[in-house]
Amino acid sequence: MLSRPKPGESEVDLLRFQSQFLKAGAAPAVQLVRGSRRHGDAHPEQLPFRDRRDVVTLHNLPDLPPALVPAPAKRARASPGHPLPEDEDPEERLSRHDQHITAVLSKIIERDTSSVAVTLPVPSGVAFPPVFHRSQERQGKSAASGKRSIFAQEIAARRVTENRIPAAGEVVPSLDPPEGAVPSEPPSSRDKGSQFPGDSHDFHRSNLVTGKGLRSQAAEQEVQTIHEENVARLQAMDPEEILKEQQQLLAQLDPSLVAFLRSHGNALEQAGPKAAKEQSPGSPTVPVTKEEPIMSTSASESRKEDKPEPRAPGEHCASLSLALKLPMTPHKEWLHMDTVELEKLHWTQDLPPLRRQQTQERMQARFSLQGELLAPDVDLPTHLGLHHHGEEAERAGYSLQELFHLTRSQVSQQRALALHVLSQIIGRAQAGEFGDRLVGSILRLLLDAGFLFLLRFSLDDRVDGVIAAAVRALRALLVAPGDEELLDSAFSWYHGASVFPLMPSQEDKEEEGEEEEPTTEKAKKKTPEEESRPPPDLARHDVIKGLLATNLLPRLRYVLEVTCPGPSVVLDILAVLTRVARHSLESAMRVLECPRLIDTIVQEFLPTSWSPMGLGPTSSLYKVPCAAAMKLLRVLASAGRNIAARLLSSLDFRSRLCRFIAEAPQELALPPEEAEMLSTEALRLWAVVASYGQGGDLYRELYPVLMRALQSLPTELSTHPPRPLSMQRMASLLTLLTQLTLAASSTHPESTSGPAEACVSAIPSSVTWTQVSGLQPLVEPCLKQALKCLPRPDVWTALGPVPSACLLFLSAYYQAWSRQVSANSCPEDWLQDMERLLDELLLPLLNQPSLGRLWDSLRLCSALCNPLSCAPAPEALPSLVSLGCAGGCPPLSVAGSASPFPFLTALLSLLNTLVRIHRGLCGQLAAVLTTPGLQNYFLQCVAPGPAPQLTPCSAWALRHEYHLQYLVLSLAQKVAPLHPEPAANPALHHALALALLSRLLPGSEHLAQELLLSSVFRLEFLPENASGGPEAADFSDGLSLGNSGDPQCRRGALLVQACQDLPSIRSCYLAHCSPARGSLLTSQALYRGELLRVSSLLLPVPREPLLPTDWPFQPLIHLYHQASDTPSGLPAADSVGIATRVLQWVLLLESWRPEALGAVPPAARLARLMCVFLVDSELFRETPVQHLVAALLVRLCQPQVLPSLNLDCPLPGLTSFPDLYASFLDHFEAVSFGDHLFGALVLLPLQRRFNVTLRLALFGEHVGVLRALGLPLTQLPVPLECYTEPAEDSLALLQLYFRALVTGVLRPHWCPVLYTVVVAHVNSFIFSQDPKSSDEVKAARRSMLQKTWLLADEGLRQHLLHYKLPNSSLPEGFELYSQLPRLRQQYLQTLPTEVLQNGGFKT
């Protein structure tokens, strides 16, 4: 036996129970039977299978009704709510009412249509009839319109106007009645007498039977006959019988039918002439309702006396309109105006006057339907539809809150409109149209309000229009306009295909708080937390992650696969998917692995056959090739090698790629622009796949196609003006050939990273050198043709990246040639070919004045020289990354149309390749380094100034700018040993190398490693060493400090020794500042062209530069942390060597490259020097370390540097300077043994202008330090006035000062510097007479003065009372008054007499 379902069981359990029941075949316990009104009481088994109804057939129907015969007895069942009277026999009732059909249809008269006028439509000059507005007053409106719609009333009024035919029921002021209508006559005496008492209805004519449709001769007679029969029957009945019959009819008829008849009667009554109503205002009507039956005359009269006389509907509406000042008077005949509601008519009033803003008060932002921000005082007409809101009704436009409310409307058109307006607002905000007119960020406000998930919910709507609007708004939010155009235009630049992922660089707060945990453990711990975090939390830090957590990709796939939207929606979805794929490798994998998403896109939007398409818009993109779909696949392939391999091996993608490349764009049976873009994206996709060493087999198949396209390039370049899309396609073709050439030269060095990398390196390249060796003769004519346009800036700009792509191909060609075994065995051929290229092409180019114009424009287009050009956009959000190119890149910018960076970077890449292979070309190419425009650009790059803020846009621009700087430095370090030229300014190159090393971003690890190996520690870049730099340093120190000291300790000797130790210094920094091995190998594979080792074209997220700004101190900091983690200490040789090399390098930079340390504050440099003493107890005693630290301390205490020493500001890499100083005091007290250099560093932070916390730490918790702090006054690196001025104002510190003096802890021969300082501050305090001092300070001052007067130590008493001025040349360190001044004597006389007497007796 089956059990009943329990509350906890789900639908799956119910379905299982149902299947078990059906299998068992048992009879159901309950049988459902549809009831019938005729058989409601019958048993279900006795019910007939179908209803047997009376069927009326009119065949051979006689004209006269047959004689009535007794019908069989019937028993009827009373309907619910209408019981039959108990005293009436049902059989008699049926016999009276249930007559034969012939009694009703006694004679059927055909409708006469001969008199109906047939009118043709009146021609008009417009295509559509004018739209009727409710505010317009309708002319000739029927008085008895009743329930007719406004449209029907307007049509009737128009027909009346056109044909002069009165509408039905209209009162026509004409003497001749219309044909077929019953004239309205005044009631006769007979009719007046036949009126029912108490009823307002007269019987002079029929209200129901009008005679319409009958012939004109019989119409009036038939209607009058029927009317007279009805009146005669009513007159034969008593009023009581009439009331009784009425009650029975109301009880038997359907209530809806009763309501219909009453409304029809009311409509006919209201159709009477208004003049008649005006003539007889004293005859009010009493409506007959169900609740209020017809009453007698006396009852009616008494009711009239009790109730006030009701108004006519017109008068009531007029009074309402007058009270509300409505623009029109409501009529009861209007739609839904049966009951006039006062509160619902307020909106029809005139708008209140526009309030002019007289103050700076903030007002709510309102937007038009096109997303424009409307001024608060703008006055717009109401017909624009901008005033349909409750708040601030006088202002035009809608607020964000009102638009959000509209998105939840039940009307789909309103939801779509709200989403459309919001997308327009977002687009204008990202374009920067609002500027500073709004307070705060619109995008941040929308995201905080949940707009992201509102769009996600709207995507689940059933209405296609709402889905389309939601997709458009999602694209407006995610895809910043201009970003894709920027990335596409730079695809053919030097490493332009490698881009940073568009994901937030700021980590979550939870991750920031776990910095102490290892990276792997943190990643393992974070993964389950990320999976359990709700989408709103994810979206708060990363919008794309939050969207992906809401199953966005399956929904977009459903929209593409099932709903088949229009072209604009398809393009929007593809743009959104492209933006998601650019987010990160993880997001790209999710797009690839979404079920049926890529399959649907490839099959529907990249078919191999399609119907030809003409110009103009198309109705559908399905089964038509789409360039946006090809671009999506290209972006997916850029995310990783595995994704590219999966795309090539699935969906028959190789044949599809061949299909779109094999034919020329003009032969693809597509619109010209779409065909160009599709061909360009196909070439770019192949180039991306070839950058991993894949897709080489396609080269053999498409070799004739590529050669034909390459041969046609010079012809296309000669056409004027050049077409931008065609130039992009040509550049993509050259980029493809560049990657195929590098793939042909890929070598397979032995792997040391593991078996996986060894397996990758063992894969042979499918492209051989023989297959690409013949490409150079075809590319050189293209370059020559392009260089002819260099003197013409407008044509040169239109060429785009084509000249750069030609130069990059030649660079890759010679690089691949140098790796071939045949070239190494016979180098004369390719060396002569390089010389030929130099003579025919490069030297003429370098001598062109137009090239100098490009060098001069570097400074104007630089992001480093113009930091504001890469400022973040006003609507930039950390959770939604964009490049901020909404308004397009300015012409004078890195990505602008007039930018020289792509061409000059490609030219420098080719020059570096030639010089690396052929050293004999260095002399001819060294002139590039002396270009005035290049040197001016370098001077501004190394000049101190604000650095550009690291944003996604600045990171992209700076990466390409750093490429040019690195290639110049690489060329300079190759040329410097062979052809040193003074005009090349090696010191400037060295300063640039130092600046570039601290600015390189993630992904450029190979460049940083090469700079450390070649340029940074290169002796040729230090011309000061050979041009009297050490001697100049000694001379400068002698002028400021004197010539005292050991000659070996002078700065000049230390600099000479540092220059000699440059190889050791370089080894030290390579060991401590080199990037991580994995990142370094990835970057090396990318920059060296080792395609088989390239794993992805997505670079790491640029959170910060590779090296910190204080990278010269980095080995010293590592040494300090290593010593802190090792209780036993470090080996002496390692610590001394590292510390010596670091101090030598820092001294060299401080002396000859001070701008390299400009980003490191002096306080941070002081903290790094203090780390030398904290490493262990013996390191600071080493002679080299002592000399170097002393020289650096002198540089730090120079008069021009000392004012910028600020210990109160936050320092990079340091949580708290007071904590560091406290540990420094502990270490000094434990191991210093009175070392003067150590003591000088202890005294330096005790200056009066620094925080009092540091002085309190010494005199409060580390008072024992005073015993060993014996630095003489003559060796103090800063003036003594820095400690004594101004007077100390901390009462707690003054009390500690006085206690140290009185207790003997501070003595002049133990700590002469602080003794002088303390005496000066105590003397100033006890003789201070500031009237604004508090009572506590006054009491403490008087007590301290009394104690001073009573001191037993005569020397201390004399110093405290007779102190005059600090003087470091005296043994005491200060001057004394021989006699107290008069003011001090008078102040001492204020002391109590017993105190003065005791003091005087003791003295």
Side-chain angles (χ1 to χ4, degrees), residues 336 341 343-344 346-347 363-374 382 384-393 395-430 438 440-478 534-540 543-544 546-556 558-559 562-563 565-566 568-569 572-573 576 875 877 879-880:
H336 297 287
E341 301 180 56
E343 64 277 4
K344 293 185 179 180
H346 282 287
W347 68 272
M363 302 187 71
Q364 191 176 33
R366 293 193 171 274
F367 304 89
S368 68
L369 298 181
Q370 289 74 36
E372 301 170 344
L373 179 63
L374 300 179
T382 56
L384 298 179
L386 301 177
H387 295 80
H388 297 281
H389 50 81
E391 297 182 359
E392 299 178 329
R395 289 186 57 195
Y398 301 96
S399 64
L400 295 179
Q401 181 180 1
E402 292 164 353
L403 291 174
F404 262 69
H405 183 72
L406 195 60
T407 57
R408 299 190 296 272
S409 171
Q410 293 184 357
V411 182
S412 60
Q413 292 87 344
Q414 294 181 351
R415 299 197 301 271
L417 176 63
L419 293 173
H420 171 73
V421 176
L422 288 172
S423 65
Q424 295 286 337
I425 293 173
I426 293 173
R428 294 180 182 273
Q430 290 183 341
L438 295 176
S441 170
I442 285 187
L443 293 185
R444 187 184 301 275
L445 181 63
L446 289 176
L447 292 180
D448 292 343
F451 178 65
L452 189 68
F453 300 100
L454 174 65
L455 294 181
R456 181 61 188 89
F457 299 152
S458 300
L459 286 177
D460 295 335
D461 204 292
R462 302 179 184 178
V463 183
D464 293 342
V466 178
I467 296 176
V471 172
R472 173 53 59 93
L474 189 63
R475 175 178 182 172
L477 178 65
L478 299 183
D537 291 349
L538 290 175
R540 191 176 299 112
V543 171
I544 300 297
L547 275 175
L548 292 179
T550 61
N551 293 328
L552 173 69
L553 299 179
R555 180 58 184 175
L556 294 181
Y558 174 83
V559 174
V562 179
T563 64
S568 61
V569 181
D572 291 341
I573 291 177
V576 169
E875 293 293 338
L877 298 177
S879 61
L880 185 60

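For this chain, numbers begin at 1 and follow the sequence in order.
Among all heavy-atom pairs drawn from S441 and L877, the shortest one is OG-CD2, 4.1 Å. The heavy-atom pair separating A418 from L406 by the smallest distance is CB-CB, 3.8 Å. What you find for S412 and V463 is that their closest heavy atoms are CB-CG2, 3.7 Å. Nearest heavy-atom pair, R456 versus T550, reported as atom, atom and distance to 0.1 Å: NE-O, 3.0 Å. Of all non-hydrogen atoms in L438 and A365, the two that sit nearest each other are CD2-CB, 3.7 Å. Closest of all the heavy-atom pairs between A393 and H387 is O-CD2, 3.6 Å.
Of the possible polar contacts, one joining the R428 side chain to the Q370 backbone as a donor-acceptor pair under 3.5 Å is found. Using a distance-only test at 3.5 Å, with no hydrogens or angles considered, no donor-acceptor pair links the side chain of R472 to the main chain of Q424. In terms of modelled atom types and a separation under 3.5 Å, the side chain of E875 and the main chain of I442 share a donor-acceptor contact.
T407 has its side chain within reach of L419: a pair of non-hydrogen atoms, C-beta onward, lies under 4.5 Å apart. Side-chain contact check for L422 versus L455: every heavy-atom pair is 4.5 Å or farther apart. Within the 4.5 Å cutoff, the side chain of L474 has heavy atoms near those of the L552 side chain. For the pair R415 and S458, the minimum side-chain heavy-atom distance is 4.5 Å or more. Between H405 and Q401, the closest side-chain pair of non-hydrogen atoms is not below 4.5 Å. Using a 4.5 Å heavy-atom threshold, the side chains of V569 and T563 count as separate. The closest side-chain heavy-atom distance from L548 to L538 is not below 4.5 Å. Using a 4.5 Å heavy-atom threshold, the side chains of V559 and P565 count as touching.
Considering CG of L454 and CZ of R408, their distance stands at 8.0 Å, rounded to 0.5 Å. Rounded to the nearest 0.5 Å, atoms CZ (R475) and CD1 (I573) are 11.0 Å apart. With rounding to the nearest 0.5 Å, the separation of CD1 in I425 from CG in L443 is 10.5 Å. In this structure, CG on L880 lies 6.0 Å from CD1 on I544, to the nearest 0.5 angstrom.
Among E372, E391, E402, the one residue that satisfies the side-chain hydrogen bond (donor to acceptor under 3.5 Å, both in side chains) test with R366 is E402.
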Show the atom names and distances, to 0.1 Å, of all donor-acceptor pairs under 3.5 Å that link a side chain in residues 444-452 to residues at least two apart or in another chain.
none

